[in-house]
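Values reported hereafter were calculated over all heavy atoms of this structure, with side chains retained and with hydrogens, waters and symmetry mates removed.
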Amino acid sequence: MKTTTHSNEIEKERAILMSLVTPQQKREQSYSAEYSLEELVSLAETAGVEVLASLSQNKEKIDSKWFVGKGKAAELKELIDEHGANTAIFDQELSGAQVRNLEEFLDVKIIDRTQLILDIFAQRAKTREGIIQVELAQLSYLLPRLSGQGSNLSRLGGGIGTRGPGESKLETDRRHIRDRIDELHQQLQEFNKHRSLHRERRKKSGVFQVAIAGYTNAGKSTLLRQLTGADVYVENQLFATLDPMSRMLKLQGGKEIILTDTVGFIQNLPHKLVAAFRATLEEVCEADLILHVVDSSSDMMETQMRVVAQVLEELGAHGQAQITLFNKIDQCTPEQLQLLSTEGDFMRISAYNDNDLAMLCDEIESRLMGDSIAFRIPAEKGDIISLMYRVGEVLENEVDGSDMLFQVRIDKHEYEKIGHLLASYTLDADLVVKGENDLYV
Ligand SMILES: Nc1nc2c(ncn2[C@@H]2O[C@H](COP(=O)(O)OP(=O)(O)OP(=O)(O)O)[C@@H](O)[C@H]2O)c(=O)[nH]1
Ligand SMILES: [Mg+2]
């Protein structure tokens, strides 16, 4: 993945990385400057860039002209000359003016984190919808940055920032960009319509939706593959998956669910980017259950979990039913294992361990099917008794005089529809038996 189709035409990017840390960032709980810079190295390498050195600065405020302080910019210039770099990559988003000033002063190509992520996305997008989403995000990013620099971006000279996933390289003319953005919006709307129709149909069919979400490289695709045998791309790299993939999974009790793998999250994920992928990420908001996959062998686990919680909140999915899966426990040190909670909505798993997967399936089933409820129904009420069988899985039934006693594991979808007809036959609340929550302790 390190080479691109354009690599023969352009000089390989040899970059110095630059990060600025402001007090405001330090206050943000889910932000770690060192880790962000470390990630920037991986992102750059994933995009095919040779990383030569990195530099960071603690500064009270972002400099509107240079982004970093003037002295730091001079230091960066020295480093660039010393290493013979042709690119500087910034860990935060830059304004058009900052890019121009830095470019003029440093005389190298200037790239920021957003462009780098978009470049990786451009190389990864496979489905028509994914390709459109990436192109739209790229163009929306470029447009406001074009002002005052003529009508094209030829200064970029190819490579990152110019690679487009569509048939041709990114259009670089401003008027064309506007037209193209409109066109892409329209095309995406078609996809959205189609997607919501599809979702409605699935909802009506009563099939449960389970979304797999989490930080990039946590093991989401691995989980989908191990559970369903799906032929998905699994790789130890950032953003291996871009397009969501759904697969059917049959649970022990015979119930079928749809599992969907989604694009990984990352800290500093620009809002615009989240917006471009909103439609696909809506799958997460609509899900009956979210499996939040965590790489528990990462030292940055807590930061990653916070980032995921934050993005889920931005998407409006934070209130959804969720199970946190501490994945990769086979790779954890004893100290790391000790930190993992085992209570409540948490499970420890290895996506490669069949026993863990079986337990996970049981847990998914009990979550979706809900708790079991006890009912007492007079034997002559045949119609009510037949409803009993529609509302879920009858776990036990016995005759008690002229009544029938039922213990039913409720199917939430069905219960929402017809539960009110049964309300007067439920036994007292003490007899409402909980699901088997101790399965994973
Ligand atoms: N040891 C171990 N490795 C795992 C486990 N789960 C996943 N991996 C590895 O972690 C790496 C990333 O897995 P993916 O499934 O591609 O991760 P992802 O979350 O889909 O990542 P993106 O698509 O990039 O967001 C791969 O090398 C997997 O083999 C696990 O339980 N144990
Ligand atoms: Mg993946």
Side-chain angles (χ1 to χ4, degrees), residues 15-44 49 51-83 85-119 137-138 140-149 153 155-156 160-161 265-276 300 302-304 306-311 313-314:
I16 309 287
L17 310 189
M18 176 79 229
S19 163
L20 185 77
V21 189
T22 61
Q24 194 203 336
Q25 282 170 335
K26 279 193 188 153
R27 278 194 300 272
E28 277 176 36
Q29 265 202 327
S30 63
Y31 190 79
S32 155
E34 295 103 77
Y35 178 48
S36 185
L37 192 56
E38 243 174 67
E39 256 177 6
L40 193 69
V41 175
S42 310
L43 288 168
V49 175
V51 176
L52 303 169
S54 62
L55 202 58
S56 68
Q57 179 178 35
N58 281 301
K59 197 172 179 320
E60 210 40 51
K61 254 179 75 200
I62 289 174
D63 186 287
S64 59
K65 187 169 180 201
W66 302 98
F67 184 70
V68 289
K70 182 110 203 263
K72 205 63 175 184
E75 202 181 317
L76 180 58
K77 189 167 174 51
E78 262 175 42
L79 211 56
I80 285 169
D81 293 342
E82 186 188 323
H83 289 271
N86 57 13
T87 308
I89 304 182
F90 287 71
D91 199 19
Q92 292 84 13
E93 212 168 299
L94 302 173
S95 71
Q98 284 163 344
V99 171
R100 281 189 295 282
N101 294 333
L102 286 166
E103 226 162 33
E104 202 169 291
F105 178 63
L106 300 172
D107 196 25
V108 291
K109 178 163 149 181
I110 307 295
I111 294 291
D112 67 18
R113 186 178 174 102
T114 307
Q115 272 180 299
L116 197 56
I117 293 176
L118 284 173
D119 191 78
Q138 282 182 315
S140 310
Y141 174 86
L142 281 177
L143 192 62
R145 288 171 170 77
L146 287 177
S147 59
Q149 57 175 10
L153 285 176
R155 63 184 177 83
L156 285 177
I160 291 170
F265 300 162
I266 194 165
Q267 63 177 332
N268 256 350
L269 192 69
H271 289 255
K272 272 192 290 299
L273 231 157
V274 176
M300 297 312 293
E302 283 180 16
T303 300
Q304 297 184 349
R306 272 200 296 267
V307 169
V308 173
Q310 213 175 333
V311 182
E313 191 166 340
E314 271 171 45

For [X] and [Y], which heavy atoms make the closest approach, and how far apart are they?
{"X": "K65", "Y": "D63", "result": "N-OD1, 2.8 Å"}
{"X": "I80", "Y": "A88", "result": "CD1-CB, 4.4 Å"}
{"X": "P23", "Y": "E60", "result": "CD-O, 3.2 Å"}

Report yes if the side chains of [X] and [Y] come closer than 4.5 Å at any heavy-atom pair, otherwise no.
{"X": "I16", "Y": "L52", "answer": "yes"}
{"X": "R113", "Y": "I266", "answer": "yes"}
{"X": "I89", "Y": "L40", "answer": "yes"}
{"X": "L79", "Y": "E82", "answer": "yes"}
{"X": "V68", "Y": "E75", "answer": "no"}
{"X": "T114", "Y": "L116", "answer": "no"}

May I ask you to decide if [Y]'s main-chain N or O and [X]'s side chain share a donor-acceptor pair within less than 3.5 Å?
{"X": "Q57", "Y": "G69", "answer": "yes"}
{"X": "K77", "Y": "F105", "answer": "yes"}
{"X": "Q304", "Y": "F265", "answer": "no"}

- For atom CG of D107, is the number of surrounding heavy atoms from other residues, nucleotides or ligands below 6.0 Å larger than 12?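 No, the 6.0 Å shell around CG holds no more than 12 heavy atoms from other groups.
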Do the side-chain N and O atoms of E93 and Y141 include a donor-acceptor pair separated by under 3.5 angstrom?
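There is no such pair between these side chains.
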message: Between F67 and Q92, does the side-chain contact (heavy atoms from CB on, under 4.5 Å) criterion hold? Intermediate values first, please.
response: CA-CA 9 Å; F67 184 70; Q92 292 84 13; 3.5 Å; yes
So how far is it from [X] [atom1] to [Y] [atom2], rounded to the nearest 0.5 Å?
{"X": "L118", "Y": "L142", "atom1": "CG", "atom2": "CG", "answer": "8.5 Å"}
{"X": "L55", "Y": "L37", "atom1": "CG", "atom2": "CG", "answer": "9.0 Å"}
{"X": "E34", "Y": "E38", "atom1": "CD", "atom2": "CD", "answer": "8.5 Å"}
{"X": "M18", "Y": "S56", "atom1": "CE", "atom2": "OG", "answer": "6.5 Å"}
{"X": "N101", "Y": "S95", "atom1": "CG", "atom2": "OG", "answer": "8.0 Å"}
{"X": "E39", "Y": "L17", "atom1": "CD", "atom2": "CG", "answer": "12.5 Å"}

Would T87 and V108 count as a side-chain contact (heavy atoms from CB on, under 4.5 Å) if you check the C-alpha gap in whole Å, the side-chain angles of each, and the deciding distance to 0.1 Å? CA-CA 5 Å; T87 308; V108 291; 5.6 Å; no
Self-check item: Verdict with reasoning, Q98 to I62, per side-chain contact (heavy atoms from CB on, under 4.5 Å)
Solution: CA-CA 11 Å; Q98 284 163 344; I62 289 174; 3.7 Å; yes
**Prompt:** Between R100 and E103, is there a salt bridge with N-O shorter than 4.0 Å?
**Reply:**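 Looking at E103 and R100, the cut-off is not met.
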